[in-house]
Structure formats: C-alpha cells, structure tokens
Peer 1: 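Mind having a look at this structure? Questions to follow.
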Amino acid sequence: MNKEEKLRITKEKLMEAALQLMENTDNPMEVTSRQIAAKAEVQPGMINYCFGSRENLIYSVFSRLYNSFLSDADVESLLKSDLPPKELLKELHFIVARCLIEQYNFTKAITAFVLFKRDLSQESFSFPYIKKHYNGRKSDEKCRIIAYELSTMMQLIIFRKDEIQEAWGLDLHDEKVLKSVIDMRIDLLLGE
C-alpha cells in the first residue's frame with residue numbers, strides 16, 4: 001500500500017470516528033481530538049496532518065452529510081426549475097436550514113469555524129443566484145457580501161434556535177415557522 005492510499009484510509013477512519021462520536025454525544029463541544037484519534041486508532045497528530053485542525057475535520061464530516069442531504073432533498077430538480085432567483089434562494093436556504101437543524105450536533109460544533117475560519121475564497125452557493133437576481137444592478141462584491149450575510153446569519157439563527165424559541169416563541173423545528181423566517185430574511189436582504 002502506497003503513502004497516498006494510507007493517507008486516504010487514515011482520513012476515512014478519522015471522518016468515520018468523528019461522525020460516530022458526534023452522533024452519539026449530548027455535547028458535541030466535548031468531542032476531543034484525542035477521542036476521535038483513539039476511536040480511529042491513529043495518533044492524535046494525524047488530525048492536524050490530514051485536516052489541519054479538529055474543526056476542519058468536523059466541518060469536512062458535516063460537508064459530507066450536507067452534500068448527502070442535498071442529494072436526498074432533490075436539489076437537482078429544484079436547480080433545473082424555472083423559479084426566479086429570489087424564490088430559488090428561499091427554497092435552497094430552507095433546505096440548508098433543515099439540514100442544520102437535523103444535524104444540530106454538527107451545527108453546534110462547526111458554527112465558530114464557519115463564522116470565523118471558513119475559507120472565504122470558496123464561492124457561496126447563494127452568490128450566483130443573488131447575482132442573477134440583481135442582474136448587474138449590484139457589483140459582484142456587494143452580491144458576495146449579501147451571500148455571506150445570508151449564510152452566516154442563518155448559521156447563527158439555527159445555532160441559537162433553542163434560545164430563540166424560549167425568548168420569542170419561534171419553534172424552528174416547525175417547518176412553517178422555519179420557512180417564514182428564511183423567506184423574511186431573504187426578502188429583507190433582496191427586497192420584497
């Protein structure tokens with residue numbers, strides 16, 4: 001077995017170990033690098049070697065779950081629909097928000113990473129639709145800022161869903177409530 005194959009296997013072991021630990025904990029913030037490495041039967045340093053950090057590893061696991069969720073949610077047919085860009089954004093953000101709620105342990109664990117350390121050079125999924133919505137009336141930079149604001153605020157809203165329910169009575173587990181919050185946010189940012 002060559003070095004690349006060993007590295008691929010180690011990455012898979014780490015991702016599987018992180019997934020199992022994250023799914024079986026009440027507090028995802030307590031899942032440590034040492035626990036993940038022990039479950040994967042590798043040295044803890046392999047997390048940094050393979051992923052750069054524990055947060056990157058957990059974000060990678062979430063990204064895999066997220067992509068699987070999107071394929072299950074039949075996003076492909078939605079993207080091929082003739083919905084106007086703003087309505088398409090509402091549908092896509094609703095799907096993403098549902099995923100963040102369903103995978104809440106990951107949401108709790110990755111929110112700080114997403115907000116403060118995520119690579120901003122990777123294009124937001126919202127950007128092309130925001131750009132299409134404005135059709136040249138806003139610069140690419142302004143469209144990117146709007147896309148960033150949409151994704152980061154949604155991340156924070158889902159992260160604080162329990163406090164939001166307690167303080168304001170909005171149950172984001174209720175899909176009608178969640179949809180109305182997503183629609184309101186997009187209407188506010190893109191105009192009604």
Side-chain angles (χ1 to χ4, degrees), residues 1-76 79 89 92-129 144-145 147-164 172-173 178 182:
M1 186 179 320
N2 65 29
K3 185 178 178 179
E4 287 179 17
E5 183 64 17
K6 286 181 183 178
L7 186 60
R8 186 192 65 72
I9 290 170
T10 299
K11 283 183 174 183
E12 283 301 317
K13 284 180 172 181
L14 286 167
M15 289 182 76
E16 184 57 35
L19 173 63
Q20 289 176 13
L21 288 167
M22 292 296 291
E23 288 182 334
N24 294 309
T25 185
D26 292 330
N27 187 351
M29 305 311 280
E30 292 179 357
V31 175
T32 66
S33 295
R34 290 194 185 285
Q35 290 172 323
I36 295 168
K39 184 146 189 81
E41 299 177 340
V42 301
Q43 294 298 315
M46 291 306 292
I47 292 173
N48 287 342
Y49 182 78
C50 292
F51 294 95
S53 68
R54 170 192 165 274
E55 291 78 16
N56 255 343
L57 166 59
I58 291 172
Y59 184 72
S60 295
V61 174
F62 173 76
S63 293
R64 185 180 280 176
L65 289 171
Y66 169 75
N67 288 327
S68 173
F69 186 88
L70 291 182
S71 66
D72 290 347
D74 204 17
V75 172
E76 192 76 32
L79 294 175
L89 278 167
L92 291 172
H93 276 261
F94 176 67
I95 291 168
V96 171
R98 281 185 28 239
C99 178
L100 291 171
I101 288 171
E102 286 183 24
Q103 299 296 331
Y104 190 66
N105 272 356
F106 282 93
T107 299
K108 285 174 65 175
I110 66 170
T111 294
F113 175 82
V114 168
L115 295 177
F116 303 115
K117 296 181 182 179
R118 180 178 52 178
D119 181 3
L120 293 179
S121 68
Q122 294 180 356
E123 202 63 76
S124 160
F125 81 87
S126 298
F127 170 71
Y129 306 107
R144 282 188 176 94
I145 290 290
Y148 180 72
E149 197 282 338
L150 272 174
S151 68
T152 56
M153 188 52 67
M154 181 173 56
Q155 188 82 30
L156 279 173
I157 288 169
I158 302 303
F159 181 81
R160 301 214 49 204
K161 68 179 179 56
D162 295 334
E163 292 92 342
I164 287 171
L172 298 179
H173 290 276
L178 180 62
I182 298 296

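We use all heavy atoms of the structure for the numbers below, so side chains are in, but hydrogens, waters and symmetry mates are not.
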Peer 1: Drop me the distance from Ser60's OG to Leu14's CG, to the nearest 0.5 angstrom.
Peer 2: 10.5 Å

Peer 1: What distance separates Ile58 CD1 from Met29 CE, expressed to the nearest 0.5 Å?
Peer 2: 8.0 Å

Peer 1: Is Glu4 atom CD crowded by more than 12 heavy atoms from other residues, nucleotides or ligands, each under 6.0 Å away?
Peer 2: no

Peer 1: Where do Ser33 and Ile47 come nearest, in terms of heavy atoms and distance?
Peer 2: O-CD1, 3.3 Å

Peer 1: Within the structure provided, determine whether Ile101 and Leu172 are in side-chain contact (heavy-atom separation under 4.5 Å).
Peer 2: yes

Peer 1: Can you tell me how far the CD atom of Glu55 sits from the CZ atom of Arg118, to the nearest 0.5 Å?
Peer 2: 15.0 Å

Peer 1: Could you check whether atom CD of Glu149 has more than 12 heavy atoms from other residues, nucleotides or ligands sitting under 6.0 Å from it?
Peer 2: yes

Peer 1: How many angstroms lie between atom OH of Tyr148 and atom CE of Met153, to the nearest 0.5 angstrom?
Peer 2: 10.5 Å

Peer 1: Tell me, please, whether Tyr104 has Lys161 positioned over its six-membered ring: NZ or CZ under 6.0 Å from the ring centre and within 45 degrees of its axis?
Peer 2: yes

Peer 1: Would you say the side chains of Asn27 and Thr25 form a donor-acceptor pair under 3.5 Å?
Peer 2: no

Peer 1: Within this structure, what is the OG1-CD distance for the pair Thr107 and Glu102, rounded to the nearest 0.5 Å?
Peer 2: 10.5 Å

Peer 1: Could you tell me whether Glu5 and Arg8 make a salt bridge, using a distance below 4.0 angstrom between a side-chain N and a carboxylate O?
Peer 2: yes

Peer 1: Hey, mind stepping through Phe125 and His93 against ring pair (Phe, Tyr, Trp, His ring centres under 6.0 Å) and telling me if it holds?
Peer 2: CA-CA 10 Å; Phe125 81 87; His93 276 261; 5.1 Å; yes

